[in-house]
2 protein chains.
Amino acid sequence: MSPRSSSPIHALDALKRAGLAGTSAQIAVLDYLQQAEHGHFGAEEIHRRIARTGERMNLSTTYRVLHQLVGAGLVANVPLGKDHSLYELNTGKVHDHLVCVVCGRVEEFSDVTINRRRAAIAKEFGLRFAGKTLALQGVCADCAARAHPARP
Amino acid sequence: MSPRSSSPIHALDALKRAGLAGTSAQIAVLDYLQQAEHGHFGAEEIHRRIARTGERMNLSTTYRVLHQLVGAGLVANVPLGKDHSLYELNTGKVHDHLVCVVCGRVEEFSDVTINRRRAAIAKEFGLRFAGKTLALQGVCADCAARAHPARP
DNA sequence: ATGGATGCAAACGCTTTGCATAAAT
DNA sequence: ATTTATGCAAAGCGTTTGCATCCAT
């Protein structure tokens, strides 16, 4: 893997620009999410990973920070189905997700046709658009192969 | 309103055909969902409404029955966003939902273009399609008007 | 000294479970 | 007699909250 080297300064910058205090907890969370761009994580996981780096932080703080970051528009919380919602860096790009129900892997995609229809439909129903949830669930190729090794 | 008159016999029929026992609890739940076709309800709500009819049923039984019905394909559980999932009669028709984040109203829609793109994308990613979640969230016309009565 | 951020523990809402009872075949 | 469904109460899970403390301005 080639994780872009840690960028706590960059994170601090972004936090300040977003009007947040830039506490060490905020930095730790945002920094982790930035390193793992295009990664999708549950709050527990984020917390656990940060704890591993030595940073000592309470889980409730992780939740609180996550809320702040979402509020500030730096992070997005994506509902991926029932009882499954993850946090990701908000890149500003509209996209949706594919989720493997076996291994939990998450991929992103973006489809202009879907996006257009989606907007049109909301308008049609007089819905002042506020958000969307689109996740395709299924079994990814790897997991399918693993389940039926006979027929790869 | 014109609620099609109660159809416990029809419900029992459907249950038997689906291989379920057809207990009074199962009948009550399915019947309620059938009467309210195109309605969307949380487990609590279903339970409460049934209780009102005199039928005495425990909430956990409601959940268990709901599971059975979903398993049998008679009912679908639709995740409508974070911490929001409702049960609806499974009519077999593919459709998605619009949700008003203010009043909670749920509308259904079905868009062939979206459905097609969705299938194509899943295939493209090698995802053996298993399900989808699409809900558009926003403020419905009524709630918008209520919020800004000056500018209807 | 003021306001926000934190840890901790306790509460939360929704859902599931264990177990003993009851019903149905 | 065996299986299946039910009620009840308790636990579960992920998340949120109250409160006292801590930190930074």
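All chains are named by letter (A, B, ...) in the order of the sequence lines, taking the proteins before the strands, and each is independently numbered beginning at 1.
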Those residues that, when tested against A:Y32, pass ring pair (Phe, Tyr, Trp, His ring centres under 6.0 Å) (two or more places apart): A:F41
Residues in ring pair (Phe, Tyr, Trp, His ring centres under 6.0 Å) contact with B:H95, at least two apart in sequence or another chain: B:H97
Partner set under side-chain contact (heavy atoms from CB on, under 4.5 Å) for B:A18, not counting sequence neighbours: B:A72, B:L74
A:V102: hydrophobic cluster co-members (side-chain, 4.5 Å): A:V101, A:V139
To the nearest Å, how far apart are [X] [atom1] and [N] [atom2]?
{"X": "A:Q26", "N": "C:dG4", "atom1": "CD", "atom2": "P", "result": "13 Å"}
{"X": "A:L80", "N": "D:dG14", "atom1": "CG", "atom2": "P", "result": "15 Å"}
{"X": "B:I27", "N": "D:dT4", "atom1": "CD1", "atom2": "P", "result": "18 Å"}
{"X": "B:R56", "N": "D:dC8", "atom1": "CZ", "atom2": "C1'", "result": "13 Å"}
{"X": "A:H47", "N": "C:dG7", "atom1": "NE2", "atom2": "P", "result": "8 Å"}

Sugar-phosphate only, base, or nothing, as touched by A:E45 at under 4.0 Å among non-hydrogen atoms: nothing
Gap between atom CZ of A:R49 and atom CD of A:E45 - 0.5 Å precision: 4.5 Å
N/O (side chain, B:Q68) to phosphate O (OP1/OP2, D:dA5) under 4.0 Å: yes
Side-chain N or O of B:T23 closer than 4.0 Å to phosphate OP1/OP2 of D:dT6: yes
Where protein sits on nucleotides 9-25 of chain C, one letter per nucleotide: B base, S sugar-phosphate only, - none, heavy atoms under 4.0 Å: B----SBBBB-------
side-chain hydrogen bond (donor to acceptor under 3.5 Å, both in side chains) partners for A:H38, two or more places apart: A:E108
